[in-house]
2 protein chains.
Amino acid sequence: MNDRSDNTDPMARTSGSHSEITGPRLREAAQRLFARHGYASVTMRQIAAEVGVQVGALYNYIPDKQGLLADLMRAHLEELLAAWAAEPRGEGPLGALEAFTRFHIRFHLERPDAVFIAYMELRNLAPENFAGIEALRKRYETELEDILRAGQAAGVFDLPDTKLATLAVIAMLTGVTTWYRDAGRLSRERVAGLYWDMVRKAVAA
Amino acid sequence: MNDRSDNTDPMARTSGSHSEITGPRLREAAQRLFARHGYASVTMRQIAAEVGVQVGALYNYIPDKQGLLADLMRAHLEELLAAWAAEPRGEGPLGALEAFTRFHIRFHLERPDAVFIAYMELRNLAPENFAGIEALRKRYETELEDILRAGQAAGVFDLPDTKLATLAVIAMLTGVTTWYRDAGRLSRERVAGLYWDMVRKAVAA
DNA sequence: GTGTTATCTGAACGATCGTTCATTTCAATC
DNA sequence: GATTGAAATGAACGATCGTTCAGATAACAC
């Protein structure tokens, strides 16, 4: 009657099961659910249901719930830093700032769930996980701060407090994930352009 | 041996107990804990311990945990709208924008916990509570949007998309709560001034 | 086909959750 | 000082949590 994956009374390994499939699906399901409802509100059984598996099977892939969260956040931040490192910079501080702005908007709009988690779930990290992940976040901030300081030194920016300006710009840009929808009236390109307009003027000398 | 409030074996109403005291303390404790650890992670027993009472006593003051969250958020947003309504506006769109910016920074720095909750815990609201509270949040956004649109119409601002600009400015300003500490090197006045510098330039024609 | 390994089920564990309630004591009134 | 209502305790409820594990079955190597 059944051929694959929909046995009506499975008692053990199910047909078609594979770690190369279940592993990624677990991470995707967790990311989506954590972003939607928050880490603390999501149960392991919800994740398992989304994956299409019983809850015990999840522990073939993760040490525990906390480890799952930490892995998702670390992976996201490392991907963010690697992507920015590979991004072509423009000319001078102004070009670098434009590159950063457009990169930040684009990258974040492509991964709204991961961004949301990395930002909202810091307080749910165990101390031993928090330290390393917070350091990664800090490193990304420093990338922007370096650009702003260089521009300030070169006289193309007017920023009495580069640290504050860094945080202000990042907050402004990251906020895009809270409202942007692909079905909306603005394309991602256009949104990036509009944010760049505001950033450019805000820091201008 | 004991005089007040530290009976070693209390079995019922404790000495010094009063609803005018316990009620506010409950709300303060919940606000602090929700902001620090997140609504879903905080237990009623933690709140009770902070108040100095057993968990059952909390239900003399609240219908349930969800109602407590909704009340905190609604009260905060209503206070926000009332305070802005009572705030003196400056002259013209530019004056109004400066008034809004300085008000927003000041108000939010005075209540970091309430702000954090109103922003982070929207997804933990039951649908029946969400609608009304989201409407209040929206009304506050509209206050800024009206200012920006007026300035755009008057030609003092250059904003191709006022809706996007509204969200960008609010995100930038609200972000101040994530890093500002009173013990830091910048006064609240100075911070408000620095943010105003950036906002002013960002929207300028 | 046989044997080995990878993968999942089903059931259970103790802990903890939000909430309720009968009971007890304190505060207030007269 | 007796009476009444306000306020809190302590214990309990069923539900649900994260996690573990023995056993069962599919995938794969030979």
Side-chain angles (χ1 to χ4, degrees), chain A residues 2-27 29-30 33-34 37-71 121 124-126 129, chain B residues 2-27 29-30 33-34 37-71 121 124-126 129:
Chain A
N2 304 321
D3 45 272
R4 293 173 62 87
S5 296
D6 53 354
N7 195 329
T8 53
D9 185 24
M11 306 276 294
R13 179 167 190 173
T14 53
S15 66
S17 61
H18 254 297
S19 64
E20 293 88 356
I21 297 177
T22 305
R25 296 225 318 175
L26 159 56
R27 298 170 64 85
L33 289 170
F34 286 169
H37 309 292
Y39 168 78
S41 298
V42 173
T43 72
M44 297 304 288
R45 285 170 178 82
Q46 279 181 270
I47 299 174
E50 197 91 346
V51 176
V53 95
Q54 294 302 311
V55 64
L58 301 183
Y59 291 86
N60 292 330
Y61 302 92
I62 59 167
D64 48 33
K65 192 186 181 190
Q66 168 68 209
L68 171 57
L69 175 64
D71 272 357
E121 304 296 355
N124 282 314
L125 285 173
N129 294 326
Chain B
N2 303 321
D3 46 273
R4 292 173 62 88
S5 296
D6 53 354
N7 195 330
T8 53
D9 186 24
M11 307 274 295
R13 180 167 190 176
T14 53
S15 66
S17 62
H18 251 297
S19 64
E20 293 89 355
I21 297 178
T22 305
R25 297 225 317 175
L26 158 55
R27 298 170 63 86
L33 289 170
F34 286 168
H37 309 293
Y39 168 78
S41 297
V42 174
T43 72
M44 298 303 288
R45 286 171 178 79
Q46 280 181 272
I47 298 175
E50 197 90 347
V51 176
V53 97
Q54 295 301 313
V55 65
L58 300 183
Y59 291 85
N60 291 330
Y61 301 93
I62 59 166
D64 48 33
K65 192 187 180 188
Q66 168 69 208
L68 171 58
L69 175 64
D71 271 358
E121 304 296 357
N124 282 315
L125 283 174
N129 293 327

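Please read all numbers here as calculations on a predicted model, not as lab measurements. Every chain is numbered from 1 and lettered A, B, ... according to where its sequence line falls, protein lines coming before strand lines.
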Separation of C:dC17 atom P from B:H37 atom NE2, nearest Å, is 13 Å
Among the nucleotides C:dG18, D:dG18, D:dG10, whichever has the atom closest to the side chain of A:M44 is D:dG18
Minimal heavy-atom distance between A:I21 and A:P24, with the atoms involved, is O-CD, 3.4 Å
Taken to the nearest whole Å, CZ/A:R45 to P/C:dC13 is 14 Å
To the nearest angstrom, the CD1-C1' distance between A:I62 and C:dT7 comes to 15 Å
Remember a base hit wins even if backbone is also touched, and classify B:V42 as base, sugar-phosphate or nothing at under 4.0 Å, heavy atoms.
sugar-phosphate
Separation of C:dC26 atom P from B:I21 atom CD1, nearest Å, is 16 Å
5'-most contact on DNA chain C (nearest-nucleotide basis), A:N60 vs B:S41, goes to A:N60
(request) Taking the side chain as every heavy atom from C-beta outward, state whether B:E50 and B:V42 have any pair of such atoms under 4.5 Å apart. (result) no
| query | Just by modelled atom types, is the B:T43 backbone N or O under 3.5 Å from a matching donor or acceptor in the B:K65 side chain? | reply | no
note: A:K65, atom NZ; D:dT19, atom P; distance rounded to Å ~ 8 Å
To the nearest angstrom, the CG-C1' distance between B:L26 and D:dA7 comes to 13 Å
From CD of A:E20 across to P of C:dC8 the rounded distance in Å is 10 Å
- Item | Side-chain touch A:R27/A:Y61, heavy atoms, less than 4.5 angstrom | no
Check your understanding: Between D:dA8 and B:T22, is there an OP1 or OP2 to side-chain N/O distance shorter than 4.0 Å?
Key -> yes
Of B:V55 and A:A57, the one whose closest nucleotide on DNA chain D sits nearer the 5' end is B:V55
Counting only side-chain nitrogens and oxygens, does B:Y59 get under 4.0 Å of the OP1 or OP2 atom of D:dA7?
no
In whole angstroms, the gap separating C1' of C:dC26 from CD of B:Q54 amounts to 17 Å
Here the pair of heavy atoms bringing A:M44 nearest to A:Y59 is CG-OH, 3.7 Å
